[in-house]
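Keep in mind it's a predicted model, so treat the numbers as computed, not measured. Just follow the structure's listing: the first ligand is 1, and inside any ligand the first atom is 1.
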Amino acid sequence: MERGFFVVVDGIDGCGKSTVIKGIKDFLISLGINRNKIFITKEPSNSIFGHKIKEILRKQKNEYQNKELITELYLKDRKEHVKKEILPALKDSKIVLCDRYIYSTIAYQSAQGMSMEELIKQNEEFTKPNVVIILDIDPKDAIKRINLDKNRDKKELFEKEEFLKKVRENFLKLKALMEDENIIIIDGSKPKEDVIKEVKNILEKSLLE
Ligand code: TYD
């Protein structure tokens, strides 16, 4: 049995996941939770499969190509990430904050043309989070944010408005398709402070349950 608490933040590129994760971390610290009890991580992870994925994301131009290989790599990366990082942290009673998880595979790889039903099945084996926050935003605004971000020099494979529209639609279907999961969809287009406040309220409730 894991004793920790597992939170996932997911959504399309440019939805504000990293800002929200930082906001959650600051909130947990303000509650008196020790920094070394908070483990922040992301997918694609640092495994060899994660590195292969990042190379494809930089080099490949067409977002519909290699969908089988890409799906396989995300699943293999997740297997390593869960086994070597997430589960040990949860066993150590840590709060795990994960940027992207199974929801990204289901939303992005079905936008690439894989079967959504099949992707849901392929992800059943993975530990379920206590809370899943999906930040919902119009891909137009997301692309604007990506373009404003000075730390990004080049656009990645999936950072295209038309493609992200499909991904967004898929994310919005997940709540109904995965009824046994604690998925909460938040309007990510609101000011940063409002989004973080909403997330804090959700976490406060679920941490006390
Ligand atoms: P990410 O590292 O979050 O992007 P960023 O460059 O903003 O840090 O994710 C890289 C890309 O991988 C992103 O476009 C989403 C995509 N992705 C999938 O298609 N499937 C998945 O299972 C995951 C985890 C990510």
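Contact check on Lys165 versus Glu169 returns no salt bridge, with no Lys/Arg side-chain nitrogen under 4.0 Å from an Asp/Glu carboxylate oxygen. For the pair Asp136 and Lys190, the salt-bridge criterion is not met [side-chain N within less than 4.0 Å of a carboxylate O]. Using a cut-off of 4.0 Å between Lys/Arg side-chain N and Asp/Glu carboxylate O, Glu125 and Lys79 are scored as salt-bridged.
Of the possible polar contacts, one joining the Arg78 side chain to the Tyr101 backbone as a donor-acceptor pair under 3.5 Å is found.
Aromatic ring centres of Tyr108 and Phe158 lie closer together than 6.0 Å.
Listed by chain and residue number, the protein contacts of ligand 1 are Asp13, Lys17, Lys42, Glu43, Pro44, Leu57, Tyr74, Arg78, Arg100, Ser104, Thr105, Tyr108, Gln109, Arg152, Glu156, Phe158 (heavy atom within 4.0 angstrom).
Asp77 is linked by a side-chain hydrogen bond (donor to acceptor under 3.5 Å, both in side chains) to Ser45, Ser47, counting only residues two or more places apart in sequence or in another chain.
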